[in-house]
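Computed from a prediction, not measured in an experiment: that's the story for all the values here. In the text below, chain A, chain B and the rest are named by the order of the sequence lines, each starting its count at 1.
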Protein chains: 2
Amino acid sequence: MVRRTKEEAEATRVQLLDAAERCFREKGVASTTLDDIAKAAGHTRGAVYWHFENKADIFEAVCERVVTPMQAMLGDLAADPGSDPLGYLRKDAIHVLRMLSECERVQSVFEIKFCKLDGGPDFDRLRRAELETHGRCLSMLEVIFDAAVRRGQLPAHVDPKVTAEAMHAFIGGLMRSWVERHDFDLRAHAPWLVDTFLTGLRNAPVPETSAD
Amino acid sequence: MVRRTKEEAEATRVQLLDAAERCFREKGVASTTLDDIAKAAGHTRGAVYWHFENKADIFEAVCERVVTPMQAMLGDLAADPGSDPLGYLRKDAIHVLRMLSECERVQSVFEIKFCKLDGGPDFDRLRRAELETHGRCLSMLEVIFDAAVRRGQLPAHVDPKVTAEAMHAFIGGLMRSWVERHDFDLRAHAPWLVDTFLTGLRNAPVPETSAD
DNA sequence: TTATACAAACAGACGTGAATGTATATTTTC
DNA sequence: GAAAATATACATTCACGTCTGTTTGTATAA
């Protein structure tokens, strides 16, 4: 069988991406061969090489299906912190955690991205891109926290930059931990986790200058 | 050159581990070949195969040099929470963060372990071992938080298990983020970060049962 | 409208390089 | 002299990229 219609071709592309997602999750990116993906999708490497350049290209496409929509939220909030930045940040954070806990695809991609990014120099570009993404995410958080401080929602001595790191680490850590183990009810506890963290920020101690 | 004395042999073993640590960090575990390691250590694959079984074996040895001592701290604390569990946990957490920020070797290993664990079924055992380690860590934290609740250092409605997850996610997230980017002064801010998080726990809101 | 030319969408085969594990050769210490 | 501690050589596997073949949708023109 060969020359399909446009829609059929797009279908195989999706099948390949789905298959890649599964393979990556099960065996890791580096250990997944292009033949694995092709076979899992019910095709051959010919189809793979028609639709994608190499494994890194597939990986990028797999991630893009999930990550991009999630970043939009933070972007919107950072663009216009509004009158209650902390409140919206809270909603966003809870939403992200719940999204992870509910959507299988999101789980797969994060499980892959979290502990399994390795493989040749082809991935260098992707790694750099991810660093940039991480950086943008931190910047947006910083903007939001800065707005929160200036609006009096957080004490004046709170450093927006460090706080952004803390928030990102906390949410990212929760996601990672849950994806790896699934040993607590992320969905149910998401509001408490976020609120407790924000409570800490609202009552944050004045940073010490002394050591130890 | 061949047959060395016992000390010389041990020296090459260490050289191989050092070289592996560097290679793993620079190119990732999966993309590092045994020949890379051997060459970087100034030896050949013969030496590698004499001292180690395969790449997974090397990886394990590389990790063991660093991770084990850090786990001892938490173990001691969990075994005897004492009269001020939260205070000791605070010190431990700060200590771990500072250890990371000061010790190159710790940084290397965590950078490797964090984002680059992939490579064949040889690593299955290691992955399982890491999951167990993670689990033990959570258990110990749970014990500590439970003690803190019973001693009145934390509100009664605080769930030790969920709190342990949160703490672990926070600290782990900070370590990971810092290792990847080095874009803030972890050492200087460690106390404030830990204290702010603990402040959140002490003033933690009562968990809601409603949705959204 | 239909014949034809072309290109899309794959399948399959092939060559290549590289990494792995093993087997053997070589010294040197004990 | 026996075995430890390496180097070297070798066989095998295996994934990748490329190339070619095949079939069919589709545009174009007569």
How many whole angstroms separate atom [atom1] of [X] from atom [atom2] of [N]?
{"X": "A/Asp36", "N": "D/dA15", "atom1": "CG", "atom2": "C1'", "value": "10 Å"}
{"X": "A/Glu53", "N": "D/dC16", "atom1": "CD", "atom2": "P", "value": "15 Å"}
{"X": "B/Ile58", "N": "C/dA19", "atom1": "CD1", "atom2": "P", "value": "14 Å"}
{"X": "B/Arg13", "N": "D/dA4", "atom1": "CZ", "atom2": "P", "value": "17 Å"}
{"X": "B/Lys55", "N": "C/dG21", "atom1": "NZ", "atom2": "C1'", "value": "14 Å"}
{"X": "B/Phe52", "N": "D/dT6", "atom1": "CZ", "atom2": "C1'", "value": "14 Å"}
{"X": "A/Asp35", "N": "D/dC16", "atom1": "CG", "atom2": "P", "value": "9 Å"}
{"X": "B/Lys39", "N": "C/dA18", "atom1": "NZ", "atom2": "C1'", "value": "12 Å"}

Do any N or O atoms from the side chain of [X] and from the backbone of [Y] form a donor-acceptor pair under 3.5 angstrom?
{"X": "A/His189", "Y": "A/Asp185", "result": "yes"}
{"X": "A/Lys55", "Y": "A/Thr32", "result": "yes"}
{"X": "B/Lys161", "Y": "B/Leu138", "result": "no"}

Out of curiosity, B/Tyr49 OH to B/Ile58 CD1, how far, rounded to the nearest 0.5 Å?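 Separation between the atoms: 8.5 Å.
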
Taking any heavy-atom pair under 4.0 Å as a contact, classify B/Thr33: base, sugar-phosphate, or nothing.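 Answer is sugar-phosphate: B/Thr33 comes under 4.0 Å of backbone atoms only.
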
Nearest to the B/Thr12 side chain among D/dA7, D/dT6, D/dC16, which nucleotide is it? D/dT6

Counting only side-chain heavy atoms from C-beta out, which of C/dA11, D/dT8, D/dC16 sits nearest to A/Tyr49?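 In terms of side-chain proximity for A/Tyr49, the closest of C/dA11, D/dT8, D/dC16 is D/dC16.
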
Has the side chain of A/Arg45 got a donor or acceptor atom sitting under 3.5 Å from an opposite partner on the base of C/dG12?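 No such pair is found, so the answer is no.
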
Answer yes if the side chains of A/His43 and A/Thr12 hold a donor-acceptor pair under 3.5 Å, and no otherwise.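 Short answer, no.
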
Does A/Trp50 have a side-chain nitrogen or oxygen under 4.0 Å from the phosphate oxygens OP1 or OP2 of C/dA9? yes

Within the pair B/His43 and D/dA5, is there a side-chain N or O less than 4.0 Å away from OP1 or OP2? no

Contacts of B/Leu34 and B/Gly46 projected onto DNA chain C by closest heavy atom; the upstream (5') one is B/Leu34

